[in-house]
Amino acid sequence: MDSQTSPSSQASPSPHTFQVDLRGLVDLLSHHLYSSPKVYLRELLQNAVDAITARRAEQPGAPATVRLYAAGGALRVEDSGVGLTEADVHDLLATIGRSSKRADGIQEVRSEFLGQFGIGLLACFVVAERIRVVSRSARTPDAAPVEWTASDDGSYTVRTLASDARPEPGTTVHLTARAGAGEWLAPEKVRALARDFGALLPYDVRVDGEAVTDLPAPWDRPYPSPAARRVALARHCHDLFGFTPLDSVGLDVPLAGIRGVAYVLPSAVSPAQRATHRVHLKGMLLTERAEQLLPDWAFFVRCVLDTDSLRPTASREALYEDETLAAVREALGERIRSWLTGLAAGDPERLAAFLAVHHLGVKALARHDAEMLRTMLPWLPFETTDGQVSLEEFARRHPVVHFTRTVEEYRQVAPIASAQGIGVVNGGYTYDSDLVQALPSVRPGTVVAELDAETVTAHLDTVDPAEELALAGFLGVARATLDPLGCDVVLRAFHPLTVPALHLDDRAARHEQARADAQARADDLWAGILGSLRGTAPRARLVLNHLNPLIRRISSLRGPELIGTATESLYGQALLMAQRPLRPADSALLNRSFIGLLEWATNGEEGH
């Protein structure tokens, strides 16, 4: 056997301990983990509340007080919590990443704690150059008070004190501001932060003797009437968010440990705008910018709530995306959905006021929720040839519910369709065409059909063949004039008489027109490829109204050049009436026809 030592018999390498640069860690916390230095006060309040919770788990009748005193660039925070022994101090305060919640006797009540990441007092170094902690243990009454003093250079000292240094169990934290951070320890700033973070905490919290907590929460208080509750919550919303809500929605989800309220925004917002909400975790403010709390369709509300079931991220400034949050999101969405159906059943005036502002949000919900669509059918407004009406009312008036997919298509056909007795819904707005097509699923027997140029033309009266034959020369010139633009010319008789010409196309025609334009601009290779893609869809058409006096006069013209100019003018005017975007060729045509008519008019004037 080889005498060399086998790898398995070699000595194991000696383990090494990570070295932590406290200054670097503080920089990491302040610039990357936390959004603002203000979180230092949340950490102090959180440690105090957790310490009280731990003591009360063993001594239910123990006092529950937190006192903050700010003056001269220093802050003192006193709590009546479980306190620490000297061993606890070495084991917990001086070990980065280890949470005091893991200490013996505390694990059993861990679910009651706010913090879970053990960062603890490190956050205070964001604003303080020195931290001094004086603590006395409630679990070991005979143990002497202990003092732990740490500097932001990573050094700390521990010493025991005389019994009278801290007669009662609990902890006092002293902070000394670092250079440039004194404003964060100013009395008015500490008071504002404490009120913001701790207004819903279950214990008695005071800053310089002034109460911070304001319990019960506004949504949990008794009120003499529903109207009084709405007024009080509206005032709370204005104080918190800066707006007076249209309404408030209770968010009581006991199984998820959630209590709160959703405030309905008084003005419309874009569905793409991410709604942000205010979330408290066991009374402590977690974040003012929770984005994933509600379904995407509920962008018309702002929430404030307290929860004991959701998990915070490491910075404790956002919610952790997990199955619990997904379930809560669904439950809160159901609360808002129930509020809407309740308004539809019992308070149509408030529902109408809400929909006047936020119909888009309800349409977004109804698009994926058949029951909501069925409930909202009598209320949701749609632009139609009958005016702003609901789909329910519109479907009762018309045997066939026609709709267009774009606003431009609707503007083309609405005046003519209305005059012909065709009911059309403008489906060009967000969600509208989807909802119209879903109508038969919630209203059996309803016939829905997309309206295109062929359908409109078919509903217009044809002209007597003899009269049309007599105008063959005029129509031939008109068709030749517009053929390069990919547009046909047809003659029909329709109302209203004031409309001389109607420009009709559909998506297929516009697609073919765009292909032809691209082919005209392309080189030989691409022109050949685009030519092979030529479609068989009907082209756009200019429908001339034989009943219109102007068309009758133009059709009697004899000069081809003047007929061409007049046809181009009718085409341009029809495009403008349809509010269609103009291509470069269309703009050139408008200019050319305008100049041509001016020349004709001035030459005619000179000839008199």
H495 NE2 to L547 CG distance, which is reported to the nearest 0.5 Å: 5.5 Å

Short N-O contact, E288 and K38, less than 4.0 angstrom: yes

From W297 atom CH2 to D369 atom CG, the distance as rounded to the nearest 0.5 Å: 8.5 Å

Basic-acidic side-chain contact under 4.0 Å: E323, R311: no

Backbone N/O of V424 and side chain of T385: donor-acceptor pair under 3.5 Å: yes

From CA spacing to verdict: side-chain contact (heavy atoms from CB on, under 4.5 Å), T430, K363: CA-CA 8 Å; T430 307; K363 286 180 178 180; over 6 Å; no

Derivation and outcome, side-chain contact (heavy atoms from CB on, under 4.5 Å), residues H280 and L286: CA-CA 5 Å; H280 295 257; L286 179 72; over 6 Å; no

N/O donor-acceptor pair under 3.5 Å between N426 side chain and E383 backbone: no

Main-chain N/O of S433 paired to Q437 side chain as donor or acceptor, under 3.5 Å: yes

Test log, rule ring pair (Phe, Tyr, Trp, His ring centres under 6.0 Å), inputs F382 and Y429: CA-CA 9 Å; F382 287 78; Y429 296 115; 9.8 Å; no

E393/R396 under salt bridge (Lys or Arg N to Asp or Glu O under 4.0 Å): CA gap, chis, key distance, verdict: CA-CA 5 Å; E393 182 178 352; R396 284 199 304 266; 5.1 Å; no

Distance, nearest 0.5 Å, that separates CG of L380 from CD of Q388: 11.0 Å

CZ-CG distance between F594 and L589, expressed to the nearest 0.5 angstrom: 13.5 Å

Check: L293 and L310 side chains under 4.5 Å, non-hydrogen atoms: yes

Test salt bridge (Lys or Arg N to Asp or Glu O under 4.0 Å) applied to E408 and R411, step by step: CA-CA 5 Å; E408 290 80 7; R411 288 170 177 164; 5.4 Å; no

Derivation and outcome, side-chain contact (heavy atoms from CB on, under 4.5 Å), residues L471 and S555: CA-CA 7 Å; L471 299 177; S555 63; 3.8 Å; yes

Check ion pair R278-D196 (N to O, under 4.0 angstrom): yes

Any side-chain donor near an acceptor of the partner, H546 and D461, under 3.5 Å: no

S338 side chain to E334 backbone, donor-acceptor under 3.5 Å: yes

Interatomic spacing from CZ in R302 to CG in L265 - rounded to 0.5 Å: 4.5 Å

Sub-4.5 Å side-chain heavy-atom contact between H358 and L246: yes

Non-hydrogen side-chain atoms of L597 and S569 separated by less than 4.5 Å: yes

Sidechain-backbone polar pair: R259 side chain, D252 backbone, donor-acceptor under 3.5 Å: no

Side chain proximity check, V425 to D432, heavy atoms < 4.5 angstrom: no

Trace of the salt bridge (Lys or Arg N to Asp or Glu O under 4.0 Å) decision for R479 with D488: CA-CA 6 Å; R479 286 166 180 151; D488 293 333; over 6 Å; no

Validation row: Y571, D586 side chains within 4.5 angstrom (heavy atoms): yes

L598 atom CG: more than 12 heavy-atom contacts under 6.0 Å: yes

Step-by-step salt bridge (Lys or Arg N to Asp or Glu O under 4.0 Å) determination, D434 to R405: CA-CA 9 Å; D434 291 338; R405 291 188 181 274; 5.6 Å; no

F354 ring center within less than 6.0 Å of W339 ring center: yes

Whether over 12 other heavy atoms sit under 6.0 Å from E330 CD: no

pair R492-L544: side-chain heavy atoms closer than 4.5 Å: no

pair T567-T565: side-chain heavy atoms closer than 4.5 Å: no

Polar contact flag, side-chain donor to acceptor under 3.5 angstrom, H402-E450: no

Donor-acceptor side-chain pairing of R553 and S556 below 3.5 angstrom: no

For the student: nearest non-hydrogen atoms of L590 and G572, plus distance: CD2-CA, 3.3 Å

Least distance between heavy atoms, A366 atom then L435 atom: C-CD2, 3.8 Å

Chi angles and distances behind the side-chain contact (heavy atoms from CB on, under 4.5 Å) call for L340, L365: CA-CA 11 Å; L340 283 171; L365 170 59; 4.2 Å; yes

Considering all heavy atoms, the nearest L233-S248 contact: CD1-OG, 3.5 Å

Closest approach of Y223 to A232 (non-hydrogen atoms, all atoms of both residues): CE2-CB, 3.3 Å

Distance-minimising heavy-atom pair for V489 and A478: CG2-O, 3.8 Å

Member of L355, L391, V362 meeting the side-chain contact (heavy atoms from CB on, under 4.5 Å) criterion with W379: L355

Close side-chain approach of S225 and R229, heavy atoms under 4.5 Å: no

E321, CD atom: more than 12 neighbouring heavy atoms under 6.0 Å: yes

Nearest-0.5 Å distance that lies between atom OG1 in T446 and atom NE2 in H398: 12.5 Å

Geometric class of the F243/F241 ring pair [parallel <30°, tilted 30-60°, perpendicular >60°]: parallel

Nearest heavy-atom neighbours spanning A256 and T307: O-OG1, 3.9 Å

